[in-house]
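Remember, it's 1-based here, ligands and their atoms both numbered in the order they're listed. Note that these values count all heavy atoms, side chains included, but never hydrogens, waters or copies made by symmetry.
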Amino acid sequence: MTLAAVHSTPFSTAHPSEDIAVVAQDHESQRSYLRLTGGRRLSGELTVSGAKNSALVLMAACLLTRDTIRLRNVPPLTDIAGMAEMLTSLGGKVQRSADALELDGAEIHTSTAPYELVNSLRASFFCIGPLLARMGMAKVPLPGGCQIGTRPVVEHVKGLKAMGAQVTIEHGVVTAVVPGRSHRLSGARIHLDCPSVGATETLMMAAALADGETVIENAAQEPEVVDLAGLLLAMGARIRGAGTPTITIAGVERLHGADYGVIPDRIEAGTLLLAAAITRSALRVTPVIPDHLSAVLAKLEEAGCRIERDGLGLTIEASHIRAVDLRTQPFPGFPTDLQAPFMSLLATADGTSMVCENIFENRLQHVAELQRMGASIRTQGNTAFLDGVARLSAAPVQGSDLRASAAMVLAGLAAEGVSQVYGLEYLDRGYAGLEHKLQSVGACIERVDPAQQLGANQAIAA
Ligand code: UD1
């Protein structure tokens, strides 16, 4: 039954809330999910895709030049498609061939970003920096919060103002204008109140074309910030200090085209290492830059995993997993994006672990779903205490955001029985073909699309 069908039944005798329940159930039964049979040991080698969070900001950086930028190792994700749509809506051209994107910003004709696109992809707010630097004006809707927290952009706006932009926020839209005839931002010294990744990246892009030198203090040190600096340098920018708390950018008048490869996704790599750990298996994962994962590797080793590093990647071997404590922190600390996946592992560890989420205020929603799978977890504020259990038990579960969905997949790999993991609209934003990768090393996992199956059955019946 569809919602329209319910509303068009004029003399329905059923209680309205029952009707809604039927509709909700009906809708539920149409949603895709991953079906996992837990308990399989994994073995073999897995390939890590390009970093989503890098690729998204590198795509926005293409707005800084009229020349063509070629980005290699760009993962095929819905978030990447969303950013491509945003660039296209501004007048850019985006073409994919295999794992490369060609981005042509010669005909950018508007500096106004559409609400629907920013609303569906937070990262598209990144466009404000390069648009302002190139066009002297940018109108970008506030992205708003998301499942994991309120996610303000105060630091981005503060930095742009320090560089001479006049910024107003009205009706949910940030309008930034560079006054004066040159329409060029001016270099400035900016101290960030917190080392925000997005603010650091936004300000680096804006400063690349500014008049004079910009110094960003208390900058984020994440590998994606260093990757952005790598692309900007290849485009002719003058930047030093990326990867340290102080980044200095000497603005240039013009940036040019470049051909650049995106770094491997450290969060995907961490998730795949955790797949080995939670199934007490051995896997080789490549390519990985171990320095990008040092806090995670240290915790995996503390938990009892054996990890070998070679020139290309890592081999992990896990048998007995001990409880460990971890706190999320800005890089090089433990990444918030691997907190939920690591918690799935700790739910099966020997002993009591403590996990403290320090970056986002609402990032423990996976706890309730892990509890549905038999995990023993108590929370207090932003801290979770886990008493490891010998075996999780399969259940239908819902991922509430990208990394929570990944945590559910990991739990399903280890749980006794058949789990259904919902929330694939999140998973597909950040993991390229996760089920195929896991299948290739022996996991029993498949995507089920009830709507497609229904269509096929109807076709056979007809
Ligand atoms: C990026 C990543 C995201 C990751 C996060 C933290 C992308 C596309 N996303 O998000 O996957 O989880 O870094 O590593 O790269 N903050 C403020 N004021 C601001 C800006 C941020 O208080 O103006 C706070 C946030 O509320 C949060 C913390 O700073 O508590 C970190 O946020 P930030 O580093 O900005 O995360 P994003 O760039 O949005």
Side-chain angles (χ1 to χ4, degrees), residues 50-61 74-75 77-80 82-83 86 118 120-129 140 142-162 167 169 174 190-205 216 218-228 231 245 262-263 265-268 270-271 292-293 295-296 327-342 356-366 382 400-407 426-427 429-431:
K52 168 185 81 88
N53 286 352
S54 254
L56 288 171
V57 69
L58 300 192
M59 289 172 76
V74 180
L77 300 169
T78 53
D79 269 11
I80 298 294
M83 185 58 101
M86 169 60 80
V118 182
S120 61
L121 176 63
R122 267 200 112 254
S124 56
F125 187 77
F126 284 142
C127 293
I128 196 167
V140 184
L142 276 172
C146 69
Q147 265 79 5
I148 61 176
T150 50
R151 308 190 75 175
V153 289
V154 179
E155 296 300 308
H156 314 50
V157 168
K158 184 181 86 179
L160 295 175
K161 279 183 177 169
V167 185
I169 304 178
V174 182
I190 301 159
H191 185 95
L192 298 179
D193 285 349
C194 61
S196 157
V197 178
T200 303
E201 292 169 339
T202 297
L203 299 176
M204 283 167 73
M205 291 188 279
I216 308 173
N218 196 25
Q221 300 173 59
E222 268 68 2
E224 294 75 21
V225 169
V226 180
D227 212 22
L228 173 62
L231 172 66
V262 177
I263 53 170
D265 195 309
R266 63 192 168 106
I267 306 302
E268 188 199 5
T271 307
H292 291 180
L293 273 172
V296 178
R327 292 172 177 77
T328 63
Q329 284 167 341
F331 190 84
F334 191 96
T336 175
D337 287 348
L338 282 173
Q339 178 259 108
F342 213 104
C356 183
E357 171 58 49
N358 291 312
I359 305 294
F360 292 110
E361 66 269 24
N362 193 23
R363 210 171 199 183
L364 291 181
Q365 290 183 59
H366 45 283
N382 62 350
S400 51
D401 68 66
L402 167 55
R403 307 303 170 185
S405 296
Y426 299 118
L427 200 69
R429 298 182 74 146
Y431 292 90

Under 4.0 Å from one or more heavy atoms of R151, ligand 1 contributes atoms 3 (C), 10 (O), 37 (P), 39 (O)

Note: ligand 1 atoms sitting under 4.0 Å from heavy atoms of D337 are 3 (C), 4 (C), 11 (O), 12 (O)

| request: Examine N53 against ligand 1 and note whether any of their N/O atoms are separated by less than 3.5 Å. | output: yes

Nearest heavy-atom approach of S54 to V262 is CB-CG1, 3.7 Å

Heavy-atom check, side chain of N53 versus side chain of D337, under 4.5 Å
yes

Within 4.0 Å of some non-hydrogen atom of G198, the atoms of ligand 1 are 35 (O), 38 (O)

Quick look: V197 vs ligand 1, heavy-atom contacts under 4.0 Å, and the answer is both

Next on the checklist: Pairs of nitrogen or oxygen atoms closer than 3.5 Å, one from E361 and one from ligand 1: do any exist?
Outcome noted: no

Under 4.0 Å between heavy atoms, the region of I359 that gets near ligand 1 turns out to be both

Short version for V153: what comes under 4.0 Å of ligand 1, heavy atoms counted, is backbone

- Any sub-3.5 Å donor-acceptor pair from D227's side-chain atoms to I263's backbone N or O? yes

Note to self: Yes or no: does R363 have any heavy atom under 4.0 Å from an atom of ligand 1?
What the structure shows: yes

Check your understanding: At the 4.0 Å heavy-atom cut-off, does P152 count as touching ligand 1?
Key -> yes

**Report entry** Heavy-atom side-chain proximity of E201 to E224 below 4.5 angstrom
**Finding:** yes

Validation row: D265, P75 side chains within 4.5 angstrom (heavy atoms): no

- Query: Sub-3.5 Å donor-acceptor pair from the side chain of R122 to the main-chain atoms of R151, do we have one?
  - Reply: yes

Of all protein heavy atoms, the one nearest atom 14 (O) of ligand 1 is T336 CG2, 4.0 Å

### Task
Could you check I216 against M204 for side-chain contact (heavy atoms from CB on, under 4.5 Å), going step by step and ending with a plain yes or no?
CA-CA 8 Å; I216 308 173; M204 283 167 73; 4.0 Å; yes

Using non-hydrogen atoms of the residue, decide whether E224 is closer than 4.0 angstrom to ligand 1. no

Residues passing the side-chain contact (heavy atoms from CB on, under 4.5 Å) test with T78, sequence neighbours excluded, are D428, R429

Close side-chain approach of V157 to K161, heavy-atom, < 4.5 Å | yes

With heavy atoms and a 4.0 Å threshold, my read on which part of C194 contacts ligand 1 is side chain

Report task. Give yes or no for whether the N/O distance cutoff of 3.5 Å, strictly under, is met between A123 and ligand 1. Result -> no

**Item:** Test item: V57 and M205 side chains (from C-beta on) under 4.5 Å apart, heavy atoms
**Value:** yes

- request: Carefully, step by step, assess N218 and D193 under the rule side-chain contact (heavy atoms from CB on, under 4.5 Å).
  value: CA-CA 7 Å; N218 196 25; D193 285 349; 6.0 Å; no

among protein heavy atoms, the one nearest atom 23 (O) of ligand 1 is E155 N, 2.7 Å

Any heavy atom of R122 under 4.0 Å from ligand 1? The part involved is side chain

| For S196, is at least one N or O under 3.5 Å away from an N or O on ligand 1? | yes

